[in-house]
Amino acid sequence: MKILDFPDFIRDLVVPRVSGAYLYRCLGCQQTFGVDRLLYTCPECRSVLIIEDQHWERLKKTPGTLWRRIFDYRAMINEPALKGIYRFHELLGSILPLDAVVYLGEGHTPVVRANDRLKDHVGRPFYFKNDGQNPSASFKDRGMASAFSYLRYLMKTRGLTNVLAVCASTGDTSAAAALYGSYLVDGVRSAVLLPHGKVTPQQLGQPLGSGARVIEIPGVFDDCMKIVEYLSERYPVALMNSKNAWRILGQESYSYEIAQAFDYDVERLVVVVPIGNAGNITAVMAGFLKLYDLGIITALPRILGVQSEHANPVYRYYKERDPTKRVFSPVTVKPSVAQAAMIGNPVSMPRVIRLVEQFRQCAGGDAVQVVQVSEQEIMDAMLLANRNGHIACTQGGECLAGFHRAVREGRVPEGSVGVLDATAHALKFAGFQEKYFEDRFEPEFRVVPKEELRNRPVLVKPPHGVPCPEPGKRMDPDEFRTFVTATAEAVASLLGLNTAR
Ligand SMILES: *Cc1c(COP(=O)(O)O)cnc(C)c1O
Ligand SMILES: [Zn+2]
């Protein structure tokens, strides 16, 4: 829709302007630093940073109900920079001019209602939000759009050239970073560090296809992270991990979209998120808190974090109910099918601790909960979801397993509606499905396939002596007809088809 065709009351508001004053705040010593340079940890105490808008209060002059209209009308503008996460410009990047925005089709992913069979199985109605339908097929594109838009802005305003964007990854961060890096042809190169043998073939193919330098390291993600941290402290590189606070800002868009999709009525929602490095759950909580602060939503949803028993440091931390007795200790991870969340020492833990506290203050002690699930539950849940019309990855399966468990344990009140994060596309994790179907899981996963969830291809051949087609060879028409008839009858018999109607 053309700007002139918008109603008068919205016309001046529908295109966002540059505003606000952003700074990094250290979660350790509380000092602040300017965002005119790339900074990942506090130069004073090395704690993680978050981004704050010093002029945030100005946004409260606009009533929450008007903000809703602004975001809703913005959906109709044909301006690429506003097609993705920057529909919510004022909340997650108001200092960026629209010409800095890198838009590759991220965000506004579908919210798909579970059918009655799944709903009855789980005991509550729920939806999957399919973040696997982002351009690199995971939610990481949200944060990457933000981090690269900021980088592009820095390059323009500070004249930076020849920037090397680096990240460590469990697979999806590198796919997203390489994709966004490859779009910015002027002055950005990208390199990604992956744990050797710990990402799926699809996830390895993605950064290779985008032309990034792909470096494999022995060990797991936590080891790769230490190496890029070393690099970012000593060399002029742009760190694209979620340590980079701009990633968190972009990922807040997930919450804004949920609010919009439910007409800003989120009180009965239980938002279910898998936890790995904990950047995502940080962003989800931060996003809802901002909406609440501006009166765009009038109540907060519940948040349910899910971890595998094989990588459960956040679960263990919150298992202690007395806040004064909680101590965070990293765990050594064991192999997990939720490989993208297989992290024992989450970088964003200090952010989580702070936000859980804020969230619980506003919405009550049980507004944020963390559950753990077994590898078996994750696999069964993913396969079950996908047999009911979804495209959940193993982490999406983890969400379903966690939601189901929370319902069984009485933690999800009657009347609640789940919104489960299918964080990546099922195709990226097809290898785990294959292992399940073929019963080839290594013993440490302790996954025993359920026969009713297995599925394998069947090779049907015509009876012995009937000629078969071969590539590149012409077949005699009569022989071909014999082949078709005989094979079709074999298929019909396999499927139990009957000519009588
Ligand atoms: C990165 C990732 C996660 C974990 O998110 P964190 O922000 O690291 O907690 C979960 N699922 C998928 C598919 C991911 O790529
Ligand atoms: Zn500090």
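In each ligand, atom 1 is the first atom listed, and ligand 1 is the first ligand listed. FYI, the numbering just counts along the sequence from 1. Everything numeric in this text was worked out from a predicted model, so none of it was measured.
Numbered from 1 in the order shown, with element, the atoms of ligand 1 that lie under 4.0 Å from a heavy atom of Asp172 read 12 (C), 13 (C), 14 (C), 15 (O). Interface of Ala424 with ligand 1, defined as ligand atoms under 4.0 Å from a residue heavy atom, comprises 13 (C). Listed by number with element, the atoms of ligand 1 under 4.0 angstrom from any heavy atom of Gly279 are 6 (P), 7 (O), 9 (O).
A cation-pi arrangement is absent between Arg124 and Phe126 under the rule of less than 6.0 angstrom and at most 45 degrees off the ring axis.
Taking only non-hydrogen atoms, the option from Asn277, Asp421, Val284, Val347 nearest to atom 6 (P) of ligand 1 is Asn277.
For the pair Ala278 and ligand 1, a heavy-atom separation below 4.0 Å is found.
For atom 5 (O) of ligand 1, the closest non-hydrogen atom of the protein is Phe139 CZ, 3.4 Å. Annotation: atom 12 (C) of ligand 1 to nearest protein heavy atom, Thr423 OG1, 3.3 Å. Closest protein heavy atom to atom 7 (O) of ligand 1: Asn280 N, 2.7 Å. Closest to atom 14 (C) of ligand 1 among all protein heavy atoms lies Lys140 NZ, 2.8 Å.
Residue-to-ligand polar distances keep Cys393 apart from ligand 1: every N/O pair is separated by 3.5 Å or more. The N/O atoms of Gly276, backbone and side chain alike, include one that comes under 3.5 Å of an N/O atom in ligand 1.
Exactly one of Arg37, Met155, Arg152 qualifies for a side chain to side chain contact (heavy atoms under 4.5 Å, CB included) with Leu160. That residue is Met155.
We find that Arg142 and Glu257 are joined by a salt bridge, their nearest charged nitrogen and carboxylate oxygen being less than 4.0 Å apart.
For the atom pair CD1 of Ile296 and CG of Leu59, the computed distance is 8.0 Å after rounding to the nearest 0.5 Å.
Between Phe432 and Phe441, the ring planes lie parallel to each other; the angle is under 30°, not in the 30° to 60° tilted range.
Under the 6.0 Å cut-off for aromatic ring centres, Tyr254 and Phe139 do not qualify, their centroids lying 6.0 Å or more apart. Taking the six-membered ring where the residue is Trp, the centroids of Phe33 and Tyr24 are separated by 6.0 Å or more.
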Salt bridge (charged side-chain N to carboxylate O under 4.0 Å, His left out) for Glu357 and Arg354? Distances and angles first, verdict last. CA-CA 5 Å; Glu357 209 177 289; Arg354 174 174 159 136; over 6 Å; no
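With the Zn ion (ligand 2) as the vertex, SG (Cys26) and SG (Cys45) define an angle of 90°, rounded to 10°.
Counting heavy atoms closer than 4.0 Å to ligand 1, residue Ala340 contributes atoms from both its backbone and its side chain.
Counting non-hydrogen atoms of neighbouring residues, nucleotides and ligands closer than 6.0 angstrom, the CZ atom of Arg454 exceeds 12 such neighbours.
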